[in-house]
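Here is the structure we will look at.
Labels below follow one simple rule: chain letters A, B, ... track the order of the sequence lines, proteins then strands, and each chain is numbered from 1.
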Amino acid sequence: MSAQELSKTYNPKDVEDKWYSYWETNKLFHATVNKDKTPFTVVIPPPNITGILTMGHVLNNTIQDVLVRWKRMQGFEACWIPGTDHAGIATQNAVEKSLAKEGKNRHDLGREKFLEIVWQWREKYGSTIIQQLRKLGVSCDWERERFTMDEGLSNAVKEVFIRLFEKGLVYRGKYIVNWCPQHQTALSDDEVDHVETNGNLYYIKYQLADSSEYAIIATTRPETMLGDTALCVHPKDERHKHLIGKTAILPIVNRKLQIIGDDYIDLSFGTGVMKVTPAHDANDFLLSQRHKLQQLNIFDETSHLNNSVPKEYSGMDRFECRAKLVKDLEEQGFLLKVEPYAHNIGKCYRCHTVIEPWLSDQWFVKMKPLAEPALLVVQQGVVRFHPERWVKVYEHWMTNIRDWCISRQIWWGHRIPVYYTPDGNYTAARNEEEARKKLGVGNDIPIRQDEDVLDTWFSSWLWPFTTLGWPEENEDLRYFNPTDTLVTGPDIIFFWVARMIMANIEFMKATAGKDGKPRKHNADLIPFRDVYFTSIIRDAQGRKMSKSLGNSPDPLDVIEQYGADALRFTVTYLSPLGQDVLFSTEKCELGRNFANKIWNAGRFLLMNKKEIIGDQNLILDKLPTEHLDLADRWILSRLNQAIKSFNNSLAHFYIDESTKLLYDFIWHDFCDWYIEIVKTRFYGEEPREIKAIVVARALWIFDQALRLLHPVMPFISEELWQNLAERNGQSLMRADFPSVNESYINQTIETKFNFIIKVIEAVRNIRGELNVTPSKEIQIVIHFQNKHTEITAENIANAQGFLNYIDRLCRGKTKPIWTTESAELKKPKASASAVVEGTEIFVPLEGIIDLDAERNRLEKEIARLQGLVDGITRKLSNTNFVERAPKDVVEKEREKQKNISENKEKLKRSLEQLR
RNA sequence: GGGCUCUUAGCUCAGCUUGGUUAGAGCGCUACCUUGACAUGGUAGAGGUCAUAGGUUCGAGUCCUAUAGAGCCCACCA
């Protein structure tokens, strides 16, 4: 489309897909090792293959894209590595659900067939979210797209497991794990949500053997008593310490329980006597290890009672069993009382089934040795968190870290590379052959691989280096790792961020860095320098937007309705560092309106370019500096200030601030003032050659603004930029980001221009307040103070030029004239008036003015100024202030007092004349 | 129990890092305007004891302490 045919409103649909495929087919997203450039690398938090795009992804990926596009334009070798996560439990869930619809389950199919189906499922749906991300305009290097279960990453996972195993950092053990009976797998501590729930506290009588005495215990899970193997009291508890060493009889079961003493007991809770159920409570398990107690497992993997309990209970569901047991205890006189009791219950973070602590064989990573260096790099600021407060949270977790349960009893995932001989020996190996070698067994003896798979995070914690080819050592890895910025949600700080820091440090030690030498310094071992924790997006009611609540608008609908740029702009505008964001679809009107404003600014300039210069394309390679007037100098000052502030805000991750800067500069400075003033020159009397310079300059400044805008709104900026001038096949996304020219930043110019703004606003105010319609022509008499005459004389082409500004910008027909301080002032009789920094403005309105309204207006203004003067006077009469405050502050107050008083007096005189 | 965050206009939020302009924006509201980019627009206006109470200071929306309310995270009580 040629420039002159721009439509009246901006239509995102006409341009978004067009430019995205242009960028992609021309490989503009692709990054390669380039020794002449500094790399800027970002790895995407890999979305789940089960996922669809949510507002959370929109925010997260927009921020990444803003950073990546900004750096790319600044001349960095910007590389954004995309990919997806296999999401073990989530994906297996999704597939099992769809199988269930056909009445099948995974056990009917068997492992191999089931995995085949999951892979098919992944082929079909696994790239949905990746396609959706493209709609948002993300500039990922798609040639580098990875998947946590692709061949390379799977090998890396194996390699890591084996190395950790050989170092003794991976071990197998019987431990209490969080067992989800729904998924029939262990979960890590982080995968358990604690939900406050109203339950009951049951008080149960345990008879002592050979005695009439009994102990009372309190429990919220009475069914677990079937697995009790001891009672426990505090050794210093006067009430109960005599019980230590005695034996109690477990009700119903009649098992003998020894009574032990341990200071784990909380004296203030319950009865002071605790039942010990080693196989079904984490703390009891620890007790049982200390006291060498029997660990009796009473549940199967579905949390039904197994046959180690009396047969009337075996086979029952745990909650059925609880009900029956409570009834039986009551009937047999063991139940003393039941109290309502609110407590936290652990639930599966995926299916919300109540977690059952369960004793089983699992694999763990020993975390302490990995955590120590990872804690240090954050404390020392080698890795920086934004906002910083997450450092404390991180510290707390890292110093109290527990071993990581990494085995999962599901099928979809990286199978644990451990092989067992029939007699129970085992080792970690890359394949069966290697395993036989390590185990020293021949082909005649069958060995089997562990059935379990690894936690999903066991592949994602390697993401910053496996995506670059590790364990293979290559140029990419040396060049792009450590990466620069990670953008992610604070909810996965432990799942993912902390573990990536650990893994990168651990495994990059043996890898060469940028200089080709082994990495030694922390700065080369970390996975990323900066971590930006995004806001949590909430709905209008303040609820977190989530798939399960279904309260997240579909971003694709939002894009359809408002455009991707509008969505990008709006979410970044709304996201202050470290605070939550309330989002609703309608808020995207903000972004849409802004896009339309920009569009029309471009349209206007191009229309005038055609009018003045004609059809030939401009080059816009440099700023035309001829015939600069005050407004030109002012907008150049504002532009350079905007560039400077934008860079500064982004460097500090104040994303919302940088977006607001763009908005204010383009809408208010450029459109509201500069374009309006440029109009006076387009339609004025200046020769065509000068007008040509003026329009070319306006276009050059707009070109700069589009470059500035591009990281946030890539589509509209590219479309307009291409229309603006001859580009010879270059794309804006690879164009130079504007650099700051300090010499244009000029406070004096801005002050002078602000005076003009104030004069114009004063006249507009008179018109508005006195209800003088724009069609009514008014005369304006401006009585300049000397200090202001120079503004018109020196900085605007001529005095007529200044009056043209006034005429044009006062939004209505005007006939401005001016006098100077030294000239005799012929104050019109019935007139409205205003004072701007001492310069008086009169609007003679005899016959049309509502004198009462004007008196009212003046009285109000005088009262306001009086209030200000009073405040300052009070301050200045405080001797403490005058003596102790810095001199310049006091001087400023004096100056202020003087100026405001003078203005007030002038208005008072005008008011007198109206009486 | 430990930690963190928030409370500013009718609504949603900036401003606090580094104390000193007449405390800002968007939406909404009121009035006027379809003027040769844009009504997804323009101009003007109304609207705020900056949660409360103390403290530091010449001076506090901004710094400190406490309180109240809202929310989040971690740990966990059998």
Look at all strands and tell whether [X] reaches a base, only sugar-phosphate, or nothing, counting heavy atoms closer than 4.0 Å.
| X | answer |
| --- | --- |
| A:Asn283 | sugar-phosphate |
| A:Gly563 | nothing |
| A:Val890 | nothing |
| A:Tyr264 | sugar-phosphate |
| A:Cys671 | base |
| A:Arg389 | sugar-phosphate |
| A:Tyr203 | nothing |
| A:Ser584 | nothing |
| A:Pro490 | nothing |
| A:Glu589 | nothing |
| A:Lys587 | sugar-phosphate |

Inset, instruction - Could I get the full list of side-chain contact (heavy atoms from CB on, under 4.5 Å) partners for A:Leu336, not counting sequence neighbours? - result: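 Result, side-chain contact (heavy atoms from CB on, under 4.5 Å) vs A:Leu336: A:Tyr203, A:Lys205, A:Ile216.
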Ignoring the backbone of [X], work out which of [options] is nearest its side chain.
| X | options | answer |
| --- | --- | --- |
| A:Lys679 | B:C74, B:C76, B:A37 | B:A37 |
| A:Asn600 | B:C13, B:C4, B:C38 | B:C38 |
| A:Trp667 | B:C38, B:G42, B:C74 | B:G42 |
| A:Phe494 | B:C74, B:G20, B:U43 | B:C74 |
| A:Arg538 | B:G26, B:G71, B:A78 | B:G71 |
| A:Lys392 | B:A37, B:G3, B:C13 | B:G3 |
| A:Ala885 | B:A37, B:A39, B:G20 | B:G20 |
| A:Asn765 | B:G71, B:A37, B:G45 | B:G45 |
| A:Arg402 | B:C76, B:G41, B:A44 | B:C76 |

Inset, instruction - Please state whether the phosphate of B:U40, meaning OP1 or OP2, lies under 4.0 angstrom from any side-chain nitrogen or oxygen of A:Arg592. - result: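 No, because none of the side-chain N or O atoms of A:Arg592 sits under 4.0 Å from OP1 or OP2 of B:U40.
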Legend entry - Phosphate OP1/OP2 of B:G42 contacted by A:Lys597 side-chain N/O (<4.0 Å):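 Yes, such a contact exists.
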Which whole-number value in Å describes the distance from [X] [atom1] to [N] [atom2]?
| X | N | atom1 | atom2 | answer |
| --- | --- | --- | --- | --- |
| A:Phe533 | B:U5 | CZ | C1' | 15 Å |
| A:Ile675 | B:G36 | CD1 | P | 16 Å |
| A:Trp673 | B:U43 | CH2 | P | 8 Å |
| A:Glu676 | B:G41 | CD | C1' | 11 Å |
| A:Ile493 | B:G3 | CD1 | C1' | 13 Å |
| A:Ile766 | B:U43 | CD1 | C1' | 14 Å |
| A:Asp491 | B:G71 | CG | P | 19 Å |
| A:Glu395 | B:C4 | CD | P | 12 Å |

With sequence neighbours excluded, residues passing ring-ring contact (aromatic ring centres under 6.0 Å, His included) with [X]:
| X | answer |
| --- | --- |
| A:Phe385 | A:Tyr394, A:Phe533 |
| A:Phe285 | A:Tyr175 |
| A:Tyr683 | none |
| A:Phe670 | A:Tyr674, A:Phe702 |

Inset, instruction - Using the P atom as the reference point in each nucleotide, state the distance between B:U21 and B:A60 in Å, no decimals. - result: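 Those two atoms are separated by 11 Å.
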Legend entry - Salt-bridge contact A:Glu339-A:Lys337 (side-chain N to carboxylate O under 4.0 Å):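 Salt bridge flag = yes for A:Lys337 with A:Glu339.
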Using nucleotides 21-25 of chain B, report all nitrogen or oxygen pairs with the protein that are shorter than 3.5 Å.
unit_1	atom_1	unit_2	atom_2	d
B:U21	O3'	A:Lys896	NZ	3.4
B:U22	OP1	A:Lys896	NZ	3.3
B:U22	OP2	A:Lys896	NZ	2.2
B:U22	O2	A:Arg864	NH1	2.6
B:A25	O2'	A:Tyr573	OH	3.4

Inset, instruction - Enter the distance from A:Ile536:CD1 to A:Ser575:OG here, rounded to the nearest 0.5 Å. - result: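 Atom-to-atom, A:Ile536:CD1 and A:Ser575:OG are 11.5 Å apart.
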Inset, instruction - Examine the base of B:C38 for any acceptor or donor lying under 3.5 Å from a partner atom in the side chain of A:Lys8, and report the outcome as yes or no. - result: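 It does not, because no donor-acceptor pair links the side chain of A:Lys8 to the base of B:C38 below 3.5 Å.
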Using a 3.5 Å distance criterion without hydrogens, assess whether the side chain of [X] forms a donor-acceptor pair with backbone atoms of [Y].
| X | Y | result |
| --- | --- | --- |
| A:His240 | A:Thr271 | yes |
| A:Asp284 | A:His280 | no |
| A:Thr659 | A:Ile655 | yes |

Legend entry - Pairing pattern in dot-bracket form [Watson-Crick, G-U; both distances under 3.5 Å; | = partner strand] for RNA chain B: (((((((..((((......[...)))).(((((.......))))).....(((((..]....))))))))))))....
Could you pull out all donor-acceptor pairs under 3.5 Å where a side-chain atom in residues 586-596 of chain A meets a protein atom, sequence neighbours excluded?
unit_1	atom_1	unit_2	atom_2	d
A:Lys587	NZ	A:Leu582	O	2.9
A:Asn593	ND2	A:Glu589	O	3.4
A:Asn596	OD1	A:Tyr10	N	3.1

Inset, instruction - By nearest nucleotide on RNA chain B, pick out whichever of A:Asn880 and A:Lys860 is the more 5' one. - result: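 The residue whose closest nucleotide sits nearer the 5' end is A:Lys860.
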Legend entry - Upstream residue (5' side of RNA chain B) when A:Gly768 and A:Leu605 are each assigned their closest nucleotide: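 Its nucleotide being nearer the 5' end, the pick is A:Leu605.
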Inset, instruction - Mind jotting down which residue pairs meet the salt bridge (charged side-chain N to carboxylate O under 4.0 Å, His left out) criterion with at least one end in residues 648-669 of chain A? Sequence neighbours excluded, please. - result: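 Residue pairs passing salt bridge (charged side-chain N to carboxylate O under 4.0 Å, His left out), neighbours aside: A:Arg638-A:Asp669, A:Asp656-A:Lys660.
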